[in-house]
Amino acid sequence: MRCQVAIIGAGPAGMFLAHLLARAGIDAVVLERRTRDYVEGRVRAGVLEQGTVAVLEALGLDGRLKAEGLVHTGTNLAYDGEIFRIDMAALTGGGAVTVYGQQEVMRDLFDAAEARGLRIVFEAEDVALRDVAGERPCVEYRCGGAAHSLSCDFIAGCDGFHGVGRAAIPPDVLRVFERVYPFGWLGILAELPPVNHELIYANHRNGFALASMRSPTRSRYYVQVGLDERIEDWPDARFWDELALRLGPEAASGLVRGPSFEKSIAPLRSVVAEPMRHGRLFLAGDAAHIVPPTGAKGMNLAVSDVAMLGEALVAHYREGDASGLDGYSARALARVWKAERFSWWFTGLTHRFPDMDPFARRMQVAELAYIRGSVAAQTVLAENYVGLPMG
Ligand code: RFL
Ligand code: PHB
């Protein structure tokens, strides 16, 4: 089999890229290790930047998003029993984010892929990248018990943090920068109305908490937990008590408790791999970088990466212009590092660190109080939160 671009992974990065290339008439094949149901079933991101919404619009995939997505023009910070709102729209000249779950985004991408005839191979096993630095790269894989080979012009490694894409870059070329945080997030989904119509990020001396949502009837909540904690130790009653305590009496006054139907723990880390290109292999999304979820940047970065990569591939095929492909890694990394900085800073501001002494705690509270009283500080937060320009 042959195609112009082989895309490894059918997560947000891979599927957005597949649609961007299909729109330009570029022939791509997506190889995904799992089933569609598995990829679509993963409960992950919830907040879309305006740039991500714009890409969905440009692809004509914004029908359900416009009908069901919740536009948030502000977000809230809570600490020491206080709560204040950051008016993102007023501070950024009309900026906003849209609450629309990654599961919904994936459903829209997969439905449209079927309707538009995109080529996706699910349950592709033992995917191996060959000759990525040469002129004739190729991807070998197994599917339905048979061995296949896909020759291509370029390979897009959109296969997440544990994929084969990053591993195909030789160790003497690849540099990896990393911070592992000494805690994780315990998240639940519950078919209950959210405590507030916008998100609340809370810093409590017990640790961080986040009140989010998926719809007016579905709540998504998180509490910071130690890495040694087990889900079995967090029955719903304990979760609700801890969440209410951390949100504070004012924010938690409207909290509706009930059974959760999903509960999981995710570790937090910051990772960047450089460069994002090696020969004819291009990395995008979690394959190249991870952010802690505090800034809600992970899926949005995957989309901004492939928007840049898609643009570069289109310029290559339409005009024979290689400058976009040559500049892809530097252009993508410039935006990635800014999102890494924001996610790292916001994590540091809102979480309890095990080695935190009373001085460090006072510093957090002083910074939160400063943000509360400063339009300049709120503007910095707001412009990062709604999403920096593509650059
Ligand atoms: P993905 O989604 O991991 O998809 C990669 C795909 O590649 C497949 N794959 C392979 N296929 C073939 N061969 C192989 N060898 C393969 N190895 C892997 C995998 O099966 C998978 O389908 O990466 P992608 O596309 O780069 O997308 C990244 C996002 O999914 C991720 O950044 C976000 O979910 C992060 N994230 C959030 N992002 C936001 O923008 N806003 C948020 O509010 C937000 N909240 C979150 C999050 C992630 C979380 N967790 C669980 C990590 C909240 C949480 C709790
Ligand atoms: C979510 O709704 O899952 C969510 C929202 C905001 C974040 C992270 C996750 O910062």
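Below, all heavy atoms of this structure are taken into account, side chains as well, without hydrogens, waters or symmetry copies. As the structure is a computational prediction, the values presented were derived from the model and not from experiment.
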Under 3.5 Å, is there a donor on one side chain and an acceptor on the other for [X] and [Y]?
X	Y	value
D37	T35	no
Y100	D62	no
E229	W234	yes
W345	E340	no

Inset, instruction - Please indicate whether F261 has more than 12 foreign heavy atoms, meaning atoms of other residues, nucleotides or ligands, lying under 6.0 Å from its CZ. - result: yes
Legend entry - Residues, nucleotides or ligands: over 12 heavy atoms within 6.0 Å of K338 NZ: no
Inset, instruction - Go through the structure and list residues passing ring pair (Phe, Tyr, Trp, His ring centres under 6.0 Å) with H278, not counting sequence neighbours. - result: none
Can you tell me if [X] uses its side chain to pair, donor with acceptor, with the backbone of [Y] under 3.5 Å?
X	Y	value
R280	D153	yes
Q50	A96	yes
H72	V99	no
N203	F208	no
S219	L192	yes
Q378	R372	yes
K297	P292	no
T379	V375	yes

Legend entry - Pairing residues for E319 by the side chain to side chain donor-acceptor pair (under 3.5 Å) criterion, not counting sequence neighbours: none
Inset, instruction - Decide yes or no for L56 and R64: does some side-chain heavy atom of the first lie under 4.5 Å from some side-chain heavy atom of the second? - result: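 No, their side chains stay 4.5 Å or more apart.
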Legend entry - Reported CD1-to-NE2 distance for the pair I26 and H316, which is rounded to 0.5 angstrom: 8.5 Å
Measure from the ring center of [X] to the ring center of [Y] and say whether it is less than 6.0 Å.
X	Y	answer
F110	F122	yes
H289	F161	no
Y201	F346	yes

Tabulate below the donor-acceptor pairs under 3.5 Å that side-chain atoms of residues 171-183 make, not counting sequence neighbours, or state none.
residue, atom, partner, partner atom, Å
E178, OE2, R269, NH1, 3.0
Y181, OH, S270, OG, 2.6

Inset, instruction - Before accepting this row, confirm whether a basic side-chain N of the pair D236/R238 lies closer than 4.0 Å to the acidic partner's carboxylate O. - result: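 Salt bridge between D236 and R238, a charged N being under 4.0 Å from a carboxylate O: no.
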Legend entry - Parallel, tilted or perpendicular: ring planes of F342 versus Y385, cut at 30 and 60 degrees: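 Perpendicular: the ring planes of F342 and Y385 meet at over 60°.
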Sequence neighbours left out, what pairs pass salt bridge (charged side-chain N to carboxylate O under 4.0 Å, His left out) with at least one residue falling in [range]?
range	answer
residues 8-25	none
residues 202-220	E191-R218, R220-E262
residues 349-360	none

Inset, instruction - Quick one: closest heavy-atom pair of L247 and A78, and the distance? - result: O-CB, 3.9 Å
